[in-house]
J.: 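The following block contains the structure, expressed as structure tokens.
What's counted below: heavy atoms across the whole structure, side chains too, no hydrogens, waters or symmetry copies.
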Amino acid sequence: MSTATYLSKSAFAAHIGRSPSYITWLKENGRLVLSPNGKQVDVLATEALIRDTADPSKAAVAARHQQERLQRDVYSQLSAQSEPTNTAAPLPTDFAHGQTPDFQKARAHREHYLARMAEMEFRKAQGELVEISFVQKAAYETARSLNQSLMSLSPQLAPQLAALSDPWEVERQLTAALRQRLNEAAQVSSDDFGFALSEC
């Protein structure tokens, strides 16, 4: 079962591509499910309620409005971000094998990936997704920093440990020094990672 997701009323309006007045209309008509504190919208429950209580005679109108919202919010954004290229798109599989391409399948395929791109942009805006390059860079910097910190530990500890004859004391000092270095590295990497995410 999916975990409940809550958004403010204005954020939910943006999420479904409608105006805030539509959210007010949903509330007045008993089609808005609120969080337990009554201040936010339960996204999954509200979307399900809207679907379940939709008027079937208005399906064509709803589909047209949905297409207009996609055109405004997704297609226009994608066309603005993409640069024209001279490379031709690969032929659909059916056409490549000498069969007539299925327009509905092609359209559904396109809609599916446009919806996924819109979802990814939404999740980035919510802070749920980040660019992988930032994560890879932060992981590399953390590993490099930890490696340098641990390698510098031996020359510092060698004189102290050489004077000890008790194995338990040697282990205690090694453990304490390693724990301190690992805690320092964790703090530095956490700060660096937070800074890297704030930059993306």
Side-chain angles (χ1 to χ4, degrees), residues 1-17 35-37 39-45 47 70 73-90 93 109-200:
M1 185 173 176
S2 300
T3 306
T5 303
Y6 300 109
L7 292 174
S8 67
K9 291 175 185 174
S10 58
F12 180 69
H15 171 67
I16 62 172
S35 62
N37 65 9
K39 294 182 180 178
Q40 292 182 307
V41 178
D42 185 328
V43 176
L44 299 177
E47 287 176 340
L70 284 172
D73 299 333
V74 179
Y75 301 158
S76 61
Q77 296 296 323
L78 294 175
S79 61
Q81 291 175 2
S82 63
E83 296 178 6
T85 61
N86 293 329
T87 58
T93 307
H109 186 75
R110 179 174 182 264
E111 295 291 329
H112 170 73
Y113 283 99
L114 284 172
R116 289 189 67 178
M117 290 180 74
E119 179 186 2
M120 283 190 295
E121 290 304 317
F122 172 74
R123 292 180 69 190
K124 280 183 189 176
Q126 295 294 314
E128 297 174 13
L129 292 179
V130 294
E131 293 287 338
I132 192 169
S133 59
F134 291 101
V135 176
Q136 289 172 333
K137 181 180 177 186
Y140 171 77
E141 292 296 333
T142 299
R144 186 176 61 80
S145 174
L146 180 60
N147 181 48
Q148 289 175 347
S149 178
L150 292 179
M151 292 303 289
S152 67
L153 192 60
S154 298
Q156 291 177 0
L157 284 179
Q160 297 171 19
L161 298 179
L164 298 175
S165 59
D166 182 7
W168 295 106
E169 183 60 22
V170 171
E171 180 183 349
R172 188 188 68 75
Q173 288 197 23
L174 273 173
T175 302
L178 283 170
R179 181 175 288 118
Q180 180 182 356
R181 288 295 172 92
L182 290 172
N183 287 339
E184 289 170 358
Q187 183 59 46
V188 169
S189 66
S190 175
D191 294 344
D192 288 348
F193 189 65
F195 176 75
L197 289 181
S198 69
E199 293 292 303
C200 64

J.: Closest heavy-atom contact between Q173 and L164?
T.: NE2-CD1, 3.6 Å
J.: What distance do D42 atom CG and T5 atom OG1 have between them, rounded to the nearest 0.5 Å?
T.: 7.5 Å
J.: As a quick check of understanding, evaluate side chain to side chain contact (heavy atoms under 4.5 Å, CB included) for R116 and E111, giving each step before the final call.
T.: CA-CA 9 Å; R116 289 189 67 178; E111 295 291 329; over 6 Å; no
J.: Return a table of donor-acceptor pairs under 3.5 angstrom between the side chains of residues 9-17 and protein atoms on other chains or two or more places apart.
T.:
from, atom 1, to, atom 2, distance (Å)
S10, OG, S8, OG, 3.3
H15, NE2, E47, OE2, 2.8

J.: Please set out all donor-acceptor pairs under 3.5 angstrom arising from side-chain atoms of residues 143-151, sequence neighbours excluded.
T.:
from, atom 1, to, atom 2, distance (Å)
R144, NH2, E141, OE1, 2.5

J.: Before giving the answer on side chain to side chain contact (heavy atoms under 4.5 Å, CB included), spell out for E119 and R123 the whole-Å C-alpha distance, their side-chain angles and the decisive distance to 0.1 Å.
T.: CA-CA 6 Å; E119 179 186 2; R123 292 180 69 190; 4.0 Å; yes
J.: With sequence neighbours excluded, give me every salt bridge (charged side-chain N to carboxylate O under 4.0 Å, His left out) pair touching residues 151-165.
T.: none
J.: Going by the rule ring-ring contact (aromatic ring centres under 6.0 Å, His included), which residues pair with Y113 if we only count those two or more places apart in sequence or in a different chain?
T.: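 Applying ring-ring contact (aromatic ring centres under 6.0 Å, His included) to Y113 gives H109.
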J.: List the residues meeting side-chain hydrogen bond (donor to acceptor under 3.5 Å, both in side chains) with Q136, not counting sequence neighbours, and say none if there are none.
T.: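 Partners of Q136 under the side-chain hydrogen bond (donor to acceptor under 3.5 Å, both in side chains) test: none.
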J.: Find the distance between CG (D166) and CD (E171) and round it off to the nearest 0.5 Å.
T.: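 The distance works out to 10.0 Å.
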J.: Name all residues meeting the side-chain hydrogen bond (donor to acceptor under 3.5 Å, both in side chains) criterion together with R172; count only those two or more places apart in sequence or in a different chain, and write none if there are none.
T.: E169
